[in-house]
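All ligand and atom numbering here is 1-based and tracks the order in the structure.
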Amino acid sequence: MELKYKTELLGTSDEDIERAAELIRQGEVVGMPTETVYGLAADAFDEKAAEKIFAAKGRPSDNPLIVHISELTMISEIAAELPQLAVTCAKRFWPGPLTMILPKTPKIPSSVSGGLDTVGVRMPSHPAARALINASGVPLAAPSANLSGSPSPTTAEHVMSDMNGRIPAIIDGGECEAGVESTVICFEQDAIKILRPGRITAQMLMEVTPDIRIDKGVLNKVDSSEPVASPGMKYKHYSPKAEVFLIDGTSEQFAKYIAEQDVKNAMCIVFDSSDMGGLKIPFISIGSTAVEQAHKLFSALRDADKNGAKVVFARCPKTDGVGLAVYNRLIRAAAFRVIKL
Ligand code: TXA
Ligand code: MG
């Protein structure tokens with residue numbers, strides 16, 4: 001892609017939000033902070049603007065975008081139907097990191113929905129995202145603001161490193177709180193199916209309905225020729241340039257395994273101080289709780305690249321609660337290479 005923009009870094013003042021909103025109204029794409037990860041935002045009703053998002057990311061056109069709203073009333077122009085369960089979820093979890101897949105209205109261009117007759121909708125809680133939606137006066141279609149395939153950006157600096165020259169502006173709203181993308185769900189009668197796990201966990205969704213299903217693509221590799229519930233799951237994802245291996249074992253087994261490796265330019269992603277004793281390979285620690293791990297994971301993958309790592313050995317996270325989101329991202333970053341100790 002031609003790098004035609006001198007990408008501006010904006011703050012979150014009223015004037016800067018207005019400047020960004022003006023760009024959106026002109027059909028441009030703006031880097032937007034959210035509580036999950038940064039997004040690449042454009043007018044969700046503008047087919048051409050949505051096409052610019054795909055071009056900036058280098059994203060396959062069949063992978064749909066999420067539409068962001070700031071008020072529940074905006075949903076009537078986006079979703080053709082709102083099941084009762086969706087209303088309950090909206091009341092319980094919005095604003096917040098939950099995306100619901102719903103039948104779309106004709107107003108949503110097919111470039112936004114990736115040719116599907118459904119659309120993902122979410123109401124972010126980040127004040128700058130909400131301010132931008134309000135100032136633009138339209139819902140904003142926004143995928144994560146990384147180049148297709150790379151780890152999602154959790155700081156404005158990450159967005160700049162992927163998007164410099166490709167978009168006119170980025171709003172710097174600080175480091176994203178969650179660090180992993182929203183939980184994506186769809187509805188199957190009285191059941192909720194998780195298509196992508198995130199900070200809103202299966203346990204939390206059980207407050208709304210007891211029947212929570214987890215799509216098989218969450219934990220398993222999806223064949224690119226198979227039809228999938230969420231097109232994003234079939235693509236190579238979240239990968240740093242380094243080759244990532246997920247090492248499944250205790251911290252002692254991990255330390256022993258690392259001691260036996262004789263590789264140059266390797267790096268470890270570990271959890272906490274109990275993992276660090278005597279590791280001869282440089283490491284990045286992402287914390288002992290799943291919430292901390294989610295917060296730091298993508299930035300650790302980007303740091304591995306910055307440090308020139310060719311191989312990354314990462315400890316295998318637990319798969320309960322928010323851990324399922326961490327595992328889902330790491331297993332894809334590792335292209336499903338797991339070494340079981
Ligand atoms: O937290 C997030 O969700 C961030 C921020 C910016 O809001 N956005 C984000 O967007 O992660 P993206 O495009 O990187 O991921 C959207 C995921 C993809 O896996 C896509 O396939 C799925 O949601 N998705 C979107 N619309 C869908 C639809 N109509 N049916 C099934 N899956 C859909
Ligand atoms: Mg993404």
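Per-residue contacts place G39 under 4.0 angstrom from the following atoms of ligand 1 (heavy atoms of the residue considered): 6 (C). Atom numbering of ligand 1 starts at 1 in the shown order; those under 4.0 Å from a heavy atom of L116 are 28 (C), 29 (N), 30 (N).
With a heavy-atom cut-off of 4.0 Å, P143 touches ligand 1 through backbone and side chain alike. Contacts between R122 and ligand 1, counted as non-hydrogen atom pairs separated by less than 4.0 Å, involve the side chain only. When non-hydrogen atoms are compared, ligand 1 lies under 4.0 Å from the backbone of A229 (N, CA, C, O) but not from its side chain. Under 4.0 angstrom from ligand 1, the non-hydrogen atoms of N63 all belong to its side chain.
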Report task. Kindly indicate, with the supporting measurements, whether the criterion salt bridge (charged side-chain N to carboxylate O under 4.0 Å, His left out) is fulfilled by E252 and K256. Result -> CA-CA 6 Å; E252 291 76 26; K256 185 164 173 282; over 6 Å; no
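Side-chain contact check for D211 and T209: no donor-acceptor pair (N or O, by modelled atom type) lies under 3.5 Å. A donor-acceptor contact closer than 3.5 angstrom is absent between the side chains of E77 and T105. For the residue pair E175/H295, the side-chain donor-acceptor check at 3.5 Å is satisfied.
Nearest to atom 3 (O) of ligand 1 among the protein's heavy atoms is S182 OG, 2.5 Å. The protein heavy-atom contact nearest to atom 32 (N) of ligand 1 is S230 OG, 3.2 Å. Nearest to atom 15 (O) of ligand 1 among the protein's heavy atoms is R196 NH1, 3.0 Å. The shortest contact between atom 19 (O) of ligand 1 and any protein heavy atom is with G232 CA, 3.3 Å. When hydrogens are left out, the protein atom nearest atom 29 (N) of ligand 1 is T118 OG1, 3.0 Å; that is the closest non-hydrogen contact. The protein heavy atom nearest to atom 5 (C) of ligand 1 is T36 OG1, 3.6 Å. When hydrogens are left out, the protein atom nearest atom 7 (O) of ligand 1 is H68 NE2, 2.6 Å; that is the closest non-hydrogen contact. In terms of protein heavy-atom proximity, atom 26 (N) of ligand 1 is closest to P64 CG, 3.2 Å.
We find the CE-CZ distance between M160 and R166 to be 13.5 Å, quoted to the nearest 0.5 Å.
Checking each of R130, R199, R122 against E35 for a salt bridge (charged side-chain N to carboxylate O under 4.0 Å, His left out) leaves exactly one that passes, namely R122. Across S239, S150, S152, P151, a single residue satisfies side chain to side chain contact (heavy atoms under 4.5 Å, CB included) together with L301, and that is P151. Of the listed residues (I200, L98, T99), just one forms a side chain to side chain contact (heavy atoms under 4.5 Å, CB included) with S182, and that residue is T99.
Of the possible polar contacts, one joining the D46 side chain to the A49 backbone as a donor-acceptor pair under 3.5 Å is found. No side-chain donor-acceptor contact under 3.5 Å links T118 to the backbone of I101. Formation of a donor-acceptor pair under 3.5 Å by the Q253 side chain with backbone atoms of T250 is found in this model. At distances below 3.5 Å, not a single donor-acceptor pair connects side-chain atoms of R302 with backbone N or O atoms of L297.
Protein N/O/S atoms nearer than 2.8 Å to the Mg ion (ligand 2) total 1.
Among I66, I101, L65, the residue whose heavy atom lies nearest to atom 28 (C) of ligand 1 is I101. When the heavy-atom distances from atom 13 (O) of ligand 1 to E181, R59, R199, M100 are ranked, the shortest goes to R59.
At under 3.5 Å, not a single nitrogen or oxygen of Y38, backbone or side chain, sits near a nitrogen or oxygen of ligand 1.
Ion pairing of E22 with R19 is present here, as a side-chain N (NZ or NE/NH1/NH2) and a carboxylate O approach within less than 4.0 Å. Between K310 and E243, no side-chain nitrogen of the basic residue sits less than 4.0 Å from a carboxylate oxygen of the acidic one, so the salt-bridge criterion is not met.
With a 6.0 Å radius and a threshold of 12 heavy atoms from other residues, nucleotides or ligands, Q26 has its CD atom above the threshold.
For the pair A142 and ligand 1, a heavy-atom separation below 4.0 Å is found.
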